[in-house]
Enquirer: 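What follows is a single structure, and I will ask about it in a moment.
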Amino acid sequence: MLSELKNIRIADYDYPLPEERIAKFPMEQRDHSKLLCLKDGAISEHHFYDLPSLLPKDTLLVFNDTKVIHARLFFQKETGAVIEVFCLEPHNMAVSQAFEQHEQCSWVCFIGNNKKWKSGPLTLEFSISNSQFSIQATRREAVGNAWIVDFNWTGGLSFAEVIDAAGVIPLPPYLNRKAEESDSIRYQTVYAHHEGSVAAPTAGLHFSPEVFQSLKAKGIETEYITLHVGAGTFKPVSTDTIGEHEMHVEPVHITADNLRRIIAHQGKPLIAVGTTTVRTLESLYWFGVQLQANPQLERMHINQWDPYILDTSLSYTDAYANILRWMENQNTDYLDGETQLMIAPGYRYRIINGLVTNFHQPQSTLLLLVSALIGEQWKACYRYALDHEFRFLSYGDSCLFLK
(Lines give C-alpha, C1' and ligand atoms only; values in the text may rest on other atoms or scores of the structure.)
Protein backbone atom coordinates (compact mmCIF):
# COMPACT_ATOMS: atom_id res chain seq x y z
CA MET A 1 0.00 0.00 0.00
CA LEU A 2 2.76 2.44 0.93
CA SER A 3 4.53 2.09 -2.40
CA GLU A 4 1.27 2.75 -4.25
CA LEU A 5 0.56 5.80 -2.12
CA LYS A 6 4.04 7.23 -2.67
CA ASN A 7 3.49 6.95 -6.42
CA ILE A 8 0.41 9.20 -6.37
CA ARG A 9 0.98 11.96 -8.92
CA ILE A 10 0.31 15.43 -7.55
CA ALA A 11 -0.67 16.54 -11.06
CA ASP A 12 -3.83 14.45 -10.62
CA TYR A 13 -4.89 16.88 -7.86
CA ASP A 14 -4.85 20.00 -9.96
CA TYR A 15 -7.65 22.30 -11.04
CA PRO A 16 -7.82 25.72 -12.73
CA LEU A 17 -7.95 28.55 -10.19
CA PRO A 18 -8.17 32.01 -11.78
CA GLU A 19 -6.57 34.79 -9.72
CA GLU A 20 -9.90 36.62 -9.48
CA ARG A 21 -11.47 33.66 -7.66
CA ILE A 22 -9.01 33.95 -4.76
CA ALA A 23 -10.69 35.94 -1.98
CA LYS A 24 -8.32 38.79 -1.13
CA PHE A 25 -10.51 40.02 1.74
CA PRO A 26 -13.05 38.31 4.03
CA MET A 27 -16.81 38.75 3.82
CA GLU A 28 -18.11 41.66 5.85
CA GLN A 29 -19.93 39.22 8.13
CA ARG A 30 -18.08 36.01 8.98
CA ASP A 31 -21.06 33.68 8.77
CA HIS A 32 -22.44 35.08 5.48
CA SER A 33 -19.91 33.21 3.37
CA LYS A 34 -21.17 30.46 1.10
CA LEU A 35 -21.19 26.84 2.30
CA LEU A 36 -21.07 23.86 -0.05
CA CYS A 37 -22.46 20.67 1.49
CA LEU A 38 -21.67 17.16 0.23
CA LYS A 39 -23.94 14.54 1.77
CA ASP A 40 -24.78 11.09 0.39
CA GLY A 41 -23.08 12.04 -2.87
CA ALA A 42 -25.31 15.09 -3.43
CA ILE A 43 -24.02 18.68 -3.56
CA SER A 44 -26.09 21.53 -2.14
CA GLU A 45 -25.42 25.24 -1.66
CA HIS A 46 -26.04 27.20 1.56
CA HIS A 47 -24.75 30.05 3.70
CA PHE A 48 -22.43 29.29 6.56
CA TYR A 49 -25.04 30.33 9.12
CA ASP A 50 -27.02 27.28 7.92
CA LEU A 51 -24.34 24.93 9.27
CA PRO A 52 -26.12 23.95 12.53
CA SER A 53 -29.17 22.71 10.59
CA LEU A 54 -26.97 20.61 8.28
CA LEU A 55 -25.06 18.72 10.99
CA PRO A 56 -26.17 15.22 12.05
CA LYS A 57 -27.92 14.82 15.38
CA ASP A 58 -25.61 14.47 18.42
CA THR A 59 -22.60 15.82 16.52
CA LEU A 60 -19.44 16.77 18.38
CA LEU A 61 -17.63 19.61 16.57
CA VAL A 62 -13.90 19.72 17.31
CA PHE A 63 -12.04 23.01 16.77
CA ASN A 64 -8.40 24.06 16.69
CA ASP A 65 -8.13 27.00 19.11
CA THR A 66 -4.64 28.10 18.08
CA LYS A 67 -4.03 31.83 17.80
CA VAL A 68 -2.10 33.49 14.98
CA ILE A 69 0.86 35.53 16.20
CA HIS A 70 2.20 38.74 14.68
CA ALA A 71 5.07 36.68 13.30
CA ARG A 72 6.57 39.19 10.84
CA LEU A 73 9.09 41.66 12.29
CA PHE A 74 10.47 44.36 9.99
CA PHE A 75 13.87 45.80 10.97
CA GLN A 76 15.23 48.83 9.12
CA LYS A 77 19.00 49.26 8.91
CA GLU A 78 20.74 52.64 8.93
CA THR A 79 21.32 52.15 5.20
CA GLY A 80 17.54 52.07 4.69
CA ALA A 81 17.46 48.34 3.86
CA VAL A 82 14.51 46.49 5.43
CA ILE A 83 15.13 43.02 6.84
CA GLU A 84 12.10 40.82 7.53
CA VAL A 85 12.41 38.29 10.35
CA PHE A 86 9.54 35.79 10.18
CA CYS A 87 9.21 33.83 13.44
CA LEU A 88 8.41 30.20 12.66
CA GLU A 89 8.84 28.30 15.92
CA PRO A 90 10.76 28.58 19.19
CA HIS A 91 14.24 27.09 19.28
CA ASN A 92 14.53 24.25 21.81
CA MET A 93 11.46 25.35 23.77
CA ALA A 94 7.72 24.67 23.81
CA VAL A 95 5.58 27.35 22.21
CA SER A 96 3.74 28.21 25.43
CA GLN A 97 7.06 28.63 27.29
CA ALA A 98 8.52 30.84 24.57
CA PHE A 99 5.72 33.39 24.85
CA GLU A 100 6.19 33.59 28.61
CA GLN A 101 9.90 34.46 28.32
CA HIS A 102 11.17 37.83 29.55
CA GLU A 103 14.26 39.66 28.26
CA GLN A 104 15.38 37.00 25.79
CA CYS A 105 14.43 33.94 23.70
CA SER A 106 15.48 32.23 20.47
CA TRP A 107 13.36 31.34 17.43
CA VAL A 108 13.80 29.59 14.11
CA CYS A 109 13.02 32.25 11.51
CA PHE A 110 12.83 32.91 7.80
CA ILE A 111 14.84 35.99 6.91
CA GLY A 112 13.80 38.20 4.02
CA ASN A 113 16.55 40.30 2.35
CA ASN A 114 19.08 38.22 4.26
CA LYS A 115 22.00 39.29 2.01
CA LYS A 116 21.64 42.84 3.32
CA TRP A 117 22.12 41.60 6.89
CA LYS A 118 25.90 41.47 6.85
CA SER A 119 26.55 41.09 10.58
CA GLY A 120 25.68 42.40 14.01
CA PRO A 121 22.32 42.88 15.69
CA LEU A 122 19.24 44.64 14.32
CA THR A 123 17.00 46.87 16.44
CA LEU A 124 13.26 47.54 16.12
CA GLU A 125 11.52 50.21 18.19
CA PHE A 126 7.84 49.93 19.09
CA SER A 127 5.36 51.39 21.53
CA ILE A 128 2.79 50.06 23.99
CA SER A 129 0.37 52.50 25.64
CA ASN A 130 2.55 55.48 24.63
CA SER A 131 5.64 53.91 26.19
CA GLN A 132 8.62 53.22 23.93
CA PHE A 133 10.43 49.87 23.81
CA SER A 134 12.87 48.10 21.51
CA ILE A 135 13.74 44.54 20.54
CA GLN A 136 17.11 43.41 19.24
CA ALA A 137 17.67 40.48 16.85
CA THR A 138 20.96 38.64 16.43
CA ARG A 139 21.31 36.04 13.67
CA ARG A 140 22.99 32.75 14.48
CA GLU A 141 23.47 29.62 12.36
CA ALA A 142 21.30 28.43 9.50
CA VAL A 143 18.77 25.61 9.95
CA GLY A 144 17.79 24.36 6.50
CA ASN A 145 16.39 27.39 4.68
CA ALA A 146 15.80 29.24 7.97
CA TRP A 147 17.99 30.72 10.70
CA ILE A 148 18.18 30.69 14.48
CA VAL A 149 17.65 34.24 15.74
CA ASP A 150 18.26 35.42 19.32
CA PHE A 151 15.90 38.15 20.54
CA ASN A 152 16.67 40.49 23.44
CA TRP A 153 14.48 43.23 24.93
CA THR A 154 13.91 45.16 28.15
CA GLY A 155 10.96 46.69 29.93
CA GLY A 156 9.68 43.66 31.80
CA LEU A 157 7.54 42.53 28.86
CA SER A 158 6.82 38.94 27.89
CA PHE A 159 7.69 37.87 24.36
CA ALA A 160 3.96 37.54 23.69
CA GLU A 161 3.53 41.25 24.47
CA VAL A 162 6.58 42.20 22.41
CA ILE A 163 5.63 40.36 19.24
CA ASP A 164 2.00 41.46 19.49
CA ALA A 165 3.06 45.11 19.52
CA ALA A 166 6.13 45.01 17.26
CA GLY A 167 5.06 42.42 14.68
CA VAL A 168 2.64 42.18 11.76
CA ILE A 169 0.00 39.49 11.12
CA PRO A 170 1.37 36.96 8.55
CA LEU A 171 -1.12 36.80 5.68
CA PRO A 172 -0.80 33.89 3.21
CA PRO A 173 1.60 34.71 0.35
CA TYR A 174 -1.04 34.04 -2.32
CA LEU A 175 -3.08 37.05 -1.17
CA ASN A 176 -0.38 39.26 -2.68
CA ARG A 177 -1.11 42.24 -0.43
CA LYS A 178 0.11 43.88 2.73
CA ALA A 179 -1.65 43.15 5.99
CA GLU A 180 -4.13 45.78 7.12
CA GLU A 181 -5.21 46.60 10.65
CA SER A 182 -8.47 44.71 10.16
CA ASP A 183 -6.55 41.50 9.36
CA SER A 184 -5.42 41.31 12.99
CA ILE A 185 -9.07 40.59 13.82
CA ARG A 186 -10.37 38.84 10.71
CA TYR A 187 -7.39 36.53 10.14
CA GLN A 188 -8.15 35.08 13.56
CA THR A 189 -10.99 32.85 14.74
CA VAL A 190 -13.37 34.25 17.36
CA TYR A 191 -12.32 31.37 19.65
CA ALA A 192 -8.54 31.69 19.17
CA HIS A 193 -6.83 31.09 22.51
CA HIS A 194 -3.36 29.51 22.48
CA GLU A 195 -0.76 31.67 20.68
CA GLY A 196 1.62 29.93 18.32
CA SER A 197 0.43 29.77 14.69
CA VAL A 198 1.85 31.64 11.71
CA ALA A 199 -1.26 30.81 9.66
CA ALA A 200 -4.91 30.70 10.65
CA PRO A 201 -6.96 27.48 10.83
CA THR A 202 -9.10 29.08 8.14
CA ALA A 203 -12.16 26.80 8.32
CA GLY A 204 -12.84 28.41 11.68
CA LEU A 205 -12.86 31.96 10.33
CA HIS A 206 -16.55 31.58 9.34
CA PHE A 207 -17.80 30.92 12.88
CA SER A 208 -19.52 33.82 14.62
CA PRO A 209 -21.03 34.18 18.12
CA GLU A 210 -24.43 33.82 16.46
CA VAL A 211 -23.47 30.48 14.87
CA PHE A 212 -22.23 29.22 18.23
CA GLN A 213 -25.54 30.20 19.81
CA SER A 214 -27.38 28.30 17.08
CA LEU A 215 -25.15 25.24 17.59
CA LYS A 216 -25.95 25.27 21.29
CA ALA A 217 -29.67 25.57 20.58
CA LYS A 218 -29.42 22.52 18.29
CA GLY A 219 -27.65 20.48 20.98
CA ILE A 220 -24.36 20.37 19.06
CA GLU A 221 -21.43 19.90 21.43
CA THR A 222 -18.05 21.56 20.92
CA GLU A 223 -14.49 20.66 21.89
CA TYR A 224 -11.21 22.58 21.50
CA ILE A 225 -7.76 21.15 20.84
CA THR A 226 -4.57 22.85 19.67
CA LEU A 227 -2.24 22.45 16.70
CA HIS A 228 -0.02 25.41 15.89
CA VAL A 229 -0.07 25.93 12.14
CA GLY A 230 3.36 26.37 10.57
CA ALA A 231 4.41 28.15 7.39
CA GLY A 232 4.80 24.70 5.85
CA THR A 233 1.03 24.56 5.40
CA PHE A 234 1.61 26.73 2.31
CA LYS A 235 4.54 24.63 1.09
CA PRO A 236 3.69 23.48 -2.44
CA VAL A 237 4.29 19.91 -3.53
CA SER A 238 7.11 20.52 -5.99
CA THR A 239 7.81 16.85 -6.73
CA ASP A 240 6.08 14.68 -9.33
CA THR A 241 4.92 12.13 -6.76
CA ILE A 242 3.96 12.65 -3.13
CA GLY A 243 6.48 10.05 -1.98
CA GLU A 244 9.24 12.58 -2.64
CA HIS A 245 7.52 15.37 -0.69
CA GLU A 246 8.57 16.01 2.90
CA MET A 247 5.72 17.10 5.16
CA HIS A 248 6.27 19.93 7.62
CA VAL A 249 6.29 19.27 11.36
CA GLU A 250 3.74 21.02 13.59
CA PRO A 251 3.38 21.09 17.40
CA VAL A 252 0.29 19.56 19.02
CA HIS A 253 -1.19 20.29 22.45
CA ILE A 254 -3.93 18.11 23.94
CA THR A 255 -5.35 17.75 27.44
CA ALA A 256 -6.58 14.70 29.31
CA ASP A 257 -10.05 16.30 29.47
CA ASN A 258 -10.04 16.58 25.66
CA LEU A 259 -9.37 12.86 25.35
CA ARG A 260 -11.99 11.89 27.94
CA ARG A 261 -14.72 13.92 26.25
CA ILE A 262 -13.89 12.51 22.81
CA ILE A 263 -13.90 8.96 24.20
CA ALA A 264 -17.26 9.63 25.86
CA HIS A 265 -18.68 10.63 22.46
CA GLN A 266 -18.03 7.16 21.01
CA GLY A 267 -20.72 6.01 18.58
CA LYS A 268 -21.91 9.51 17.72
CA PRO A 269 -20.80 11.75 14.81
CA LEU A 270 -17.52 13.60 15.30
CA ILE A 271 -16.81 16.37 12.78
CA ALA A 272 -13.55 18.27 12.58
CA VAL A 273 -13.39 21.98 11.85
CA GLY A 274 -10.36 22.36 9.60
CA THR A 275 -7.60 20.17 8.27
CA THR A 276 -5.34 20.99 11.23
CA THR A 277 -7.95 19.56 13.59
CA VAL A 278 -8.10 16.43 11.44
CA ARG A 279 -4.34 16.00 11.54
CA THR A 280 -4.32 16.45 15.32
CA LEU A 281 -7.11 13.95 16.04
CA GLU A 282 -5.72 11.34 13.66
CA SER A 283 -2.13 11.84 14.85
CA LEU A 284 -3.24 11.23 18.43
CA TYR A 285 -4.74 7.94 17.32
CA TRP A 286 -1.39 6.84 15.91
CA PHE A 287 0.42 7.88 19.08
CA GLY A 288 -2.00 5.65 20.96
CA VAL A 289 -1.12 2.83 18.57
CA GLN A 290 2.58 3.39 19.19
CA LEU A 291 1.97 3.28 22.94
CA GLN A 292 0.14 -0.03 22.53
CA ALA A 293 3.41 -1.50 21.26
CA ASN A 294 5.70 0.50 23.54
CA PRO A 295 4.12 2.15 26.62
CA GLN A 296 7.53 3.54 27.61
CA LEU A 297 7.74 6.08 24.77
CA GLU A 298 8.98 9.42 26.07
CA ARG A 299 7.36 11.76 23.55
CA MET A 300 4.90 11.97 20.67
CA HIS A 301 6.29 12.34 17.18
CA ILE A 302 4.28 11.03 14.24
CA ASN A 303 6.22 10.65 11.01
CA GLN A 304 4.43 11.26 7.73
CA TRP A 305 4.29 7.58 6.70
CA ASP A 306 3.65 6.00 10.13
CA PRO A 307 -0.06 5.21 9.49
CA TYR A 308 0.81 3.29 6.36
CA ILE A 309 3.40 1.15 8.15
CA LEU A 310 1.62 0.50 11.45
CA ASP A 311 -0.96 -2.23 10.85
CA THR A 312 -3.60 -2.17 13.55
CA SER A 313 -7.28 -2.70 14.23
CA LEU A 314 -7.14 -0.76 17.52
CA SER A 315 -10.26 1.31 18.16
CA TYR A 316 -9.82 5.04 18.59
CA THR A 317 -11.19 4.84 22.14
CA ASP A 318 -8.55 2.27 23.07
CA ALA A 319 -5.84 4.34 21.38
CA TYR A 320 -6.89 7.47 23.25
CA ALA A 321 -7.14 5.48 26.51
CA ASN A 322 -3.49 4.47 25.99
CA ILE A 323 -2.57 8.17 25.91
CA LEU A 324 -4.51 8.81 29.12
CA ARG A 325 -2.61 6.01 30.86
CA TRP A 326 0.66 7.41 29.50
CA MET A 327 -0.26 10.85 30.90
CA GLU A 328 -0.95 9.31 34.30
CA ASN A 329 2.43 7.56 34.26
CA GLN A 330 4.07 10.85 33.24
CA ASN A 331 2.19 12.61 36.06
CA THR A 332 0.72 15.20 33.70
CA ASP A 333 -2.72 16.13 32.41
CA TYR A 334 -1.60 17.35 29.00
CA LEU A 335 0.53 16.28 26.05
CA ASP A 336 2.87 18.43 23.96
CA GLY A 337 3.88 16.49 20.86
CA GLU A 338 4.45 16.99 17.17
CA THR A 339 3.18 15.53 13.94
CA GLN A 340 4.39 15.21 10.39
CA LEU A 341 1.38 13.14 9.34
CA MET A 342 0.48 13.05 5.65
CA ILE A 343 -3.12 12.09 4.90
CA ALA A 344 -3.55 11.06 1.28
CA PRO A 345 -5.91 8.86 -0.78
CA GLY A 346 -5.69 5.36 0.68
CA TYR A 347 -5.68 6.64 4.25
CA ARG A 348 -8.51 5.25 6.44
CA TYR A 349 -9.87 7.82 8.86
CA ARG A 350 -10.10 6.50 12.42
CA ILE A 351 -11.70 9.43 14.25
CA ILE A 352 -13.76 11.79 12.12
CA ASN A 353 -17.12 11.37 10.38
CA GLY A 354 -17.01 14.67 8.54
CA LEU A 355 -15.09 17.85 7.90
CA VAL A 356 -15.72 21.59 7.71
CA THR A 357 -13.01 23.13 5.53
CA ASN A 358 -12.21 25.81 2.97
CA PHE A 359 -11.31 25.40 -0.70
CA HIS A 360 -7.62 24.59 -0.96
CA GLN A 361 -4.83 25.36 -3.39
CA PRO A 362 -4.34 23.13 -6.45
CA GLN A 363 -1.70 20.41 -6.03
CA SER A 364 -1.58 20.81 -2.24
CA THR A 365 -1.36 18.25 0.56
CA LEU A 366 -4.61 19.69 1.92
CA LEU A 367 -6.39 18.66 -1.27
CA LEU A 368 -4.95 15.16 -0.79
CA LEU A 369 -6.43 15.11 2.71
CA VAL A 370 -9.86 16.06 1.35
CA SER A 371 -9.62 13.40 -1.36
CA ALA A 372 -8.79 10.79 1.27
CA LEU A 373 -12.17 11.61 2.86
CA ILE A 374 -14.50 11.99 -0.16
CA GLY A 375 -12.53 10.36 -2.97
CA GLU A 376 -12.91 11.59 -6.53
CA GLN A 377 -15.98 13.59 -5.50
CA TRP A 378 -13.62 16.45 -4.67
CA LYS A 379 -13.49 17.19 -8.40
CA ALA A 380 -17.26 17.60 -8.67
CA CYS A 381 -17.32 19.80 -5.56
CA TYR A 382 -14.59 22.10 -6.81
CA ARG A 383 -16.12 22.22 -10.28
CA TYR A 384 -19.46 23.19 -8.74
CA ALA A 385 -17.77 25.90 -6.66
CA LEU A 386 -15.99 27.34 -9.70
CA ASP A 387 -19.21 27.32 -11.71
CA HIS A 388 -21.27 28.95 -8.95
CA GLU A 389 -19.06 31.89 -7.96
CA PHE A 390 -17.65 30.49 -4.74
CA ARG A 391 -14.61 32.31 -3.30
CA PHE A 392 -11.42 30.31 -2.76
CA LEU A 393 -8.58 29.87 -0.23
CA SER A 394 -8.07 31.40 3.24
CA TYR A 395 -10.60 34.24 3.09
CA GLY A 396 -12.92 32.32 0.79
CA ASP A 397 -16.00 30.17 1.23
CA SER A 398 -16.31 26.79 2.92
CA CYS A 399 -17.43 23.17 2.59
CA LEU A 400 -19.12 20.60 4.78
CA PHE A 401 -18.16 17.06 3.80
CA LEU A 402 -20.13 14.29 5.51
CA LYS A 403 -19.04 10.65 5.28
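Every value quoted in this text rests on a predicted model; they were computed, and no experiment measured them.
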Enquirer: Between Tyr316 and Tyr320, how do the two ring planes meet: parallel, tilted or perpendicular, split at 30° and 60°?
Expert: perpendicular
Enquirer: Go through it in stages, so that I can follow the logic: the residues are Gln136 and Asp150, the test is side chain to side chain donor-acceptor pair (under 3.5 Å), and I'd like the CA-CA distance, side-chain angles, deciding distance and then a yes or no.
Expert: CA-CA 8 Å; Gln136 193 174 76; Asp150 295 328; over 6 Å; no
Enquirer: Between the main-chain N or O of Thr276 and the side-chain N or O of Thr280, is there a donor-acceptor pair closer than 3.5 Å?
Expert: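 Yes: the side chain of Thr280 pairs with the backbone of Thr276.
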Enquirer: Has Arg139 got its NZ or CZ under 6.0 Å from the middle of the six-membered ring of Trp117, at an angle within 45 degrees of the ring axis?
Expert: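 Cation-pi check for Arg139 and Trp117: passes.
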Enquirer: Taking atom types as modelled, find out whether Ser53 and Asp50 have a side-chain donor-acceptor pair closer than 3.5 angstrom.
Expert: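 Distance-only check fails for Ser53 and Asp50.
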Enquirer: Do the side-chain N and O atoms of Glu84 and Asn113 include a donor-acceptor pair separated by under 3.5 angstrom?
Expert: no
Enquirer: Does either side chain, that of Asp183 or that of Tyr395, offer a donor lying less than 3.5 Å from an acceptor on the other one?
Expert: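 There is such a pair between these side chains.
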Enquirer: Measure from the ring center of Trp147 to the ring center of Phe110 and say whether it is less than 6.0 Å.
Expert: no
Enquirer: Apply side-chain contact (heavy atoms from CB on, under 4.5 Å) to Met342 and His245, showing your working.
Expert: CA-CA 10 Å; Met342 173 181 276; His245 177 76; 3.8 Å; yes
Enquirer: Does a side-chain heavy-atom distance below 4.5 Å link Asp387 with Tyr384?
Expert: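 With C-beta onward as the side chain, the pair stays apart.
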Enquirer: Are Ser394 and Thr202 linked by a side-chain donor-acceptor pair shorter than 3.5 Å?
Expert: no
Enquirer: Would you call Leu54 and Leu35 a side-chain contact if the rule is heavy atoms closer than 4.5 Å?
Expert: yes
Enquirer: Just by distance, with hydrogens left out, do Ser44 and His46 show a side-chain donor and acceptor under 3.5 Å apart?
Expert: yes
Enquirer: Taking the basic N atoms (NZ, or NE/NH1/NH2) and the acidic carboxylate oxygens, is any pair closer than 4.0 Å for Arg325 and Glu328?
Expert: no
Enquirer: Between Glu282 and Arg350, does at least one N-O distance fall below 4.0 Å, as a salt bridge requires?
Expert: no
Enquirer: Would you call the rings of Phe207 and Phe48 parallel, tilted or perpendicular, where under 30° means parallel and over 60° means perpendicular?
Expert: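 Phe207 vs Phe48 ring planes: perpendicular.
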Enquirer: Looking at Glu28 and Arg186, is any side-chain nitrogen of the basic one under 4.0 Å from a carboxylate oxygen of the acidic one?
Expert: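 No, this pair does not count.
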Enquirer: Salt bridge between Lys403 and Asp40, side-chain N to carboxylate O under 4.0 Å?
Expert: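 The answer is no: the pair does not qualify as a salt bridge.
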Enquirer: Carefully, step by step, assess Gln340 and His248 under the rule side-chain contact (heavy atoms from CB on, under 4.5 Å).
Expert: CA-CA 6 Å; Gln340 197 179 9; His248 53 288; over 6 Å; no
Enquirer: Taking Arg299 first and then Glu338, would you say they form a salt bridge - that is, a charged N and a carboxylate O separated by under 4.0 Å?
Expert: yes
Enquirer: Between Arg72 and Phe74, does a side-chain contact (heavy atoms from CB on, under 4.5 Å) hold up when you go through it step by step?
Expert: CA-CA 7 Å; Arg72 303 175 73 187; Phe74 292 94; 3.6 Å; yes
Enquirer: Does the His228 side chain pair with the main chain of Lys67, one donor and one acceptor, at a distance under 3.5 Å?
Expert: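 Not a single qualifying donor-acceptor pair exists.
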Enquirer: List the atom of Leu291, the atom of Ile323, and the distance in Å for their closest heavy-atom pair.
Expert: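 For Leu291 and Ile323, the tightest heavy-atom pair comes out as CD1-CA, 3.9 Å.
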Enquirer: For the aromatic rings, using the six-membered ring if either is Trp, is the centroid distance between Tyr191 and Phe63 under 6.0 Å?
Expert: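 Tyr191 vs Phe63: aromatic centres under 6.0 Å.
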Enquirer: Evaluate whether atom OH of Tyr334 has more than 12 neighbouring non-hydrogen atoms of other residues, nucleotides or ligands under 6.0 angstrom away.
Expert: no
Enquirer: Determine whether a donor-acceptor pair (N or O, by modelled atom type, separation under 3.5 Å) exists between the side chain of Asp31 and the backbone of Tyr49.
Expert: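 The answer is no, because no donor-acceptor pair under 3.5 Å joins these two groups.
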Enquirer: Apply side-chain contact (heavy atoms from CB on, under 4.5 Å) to Tyr13 and Gln363, showing your working.
Expert: CA-CA 5 Å; Tyr13 296 85; Gln363 299 194 31; 5.6 Å; no
Enquirer: Given the ring of Tyr308, does Arg348 sit roughly above its face, with NZ or CZ under 6.0 Å from the centre of the six-membered ring and within 45° of the axis?
Expert: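 Ring-cation test returns no.
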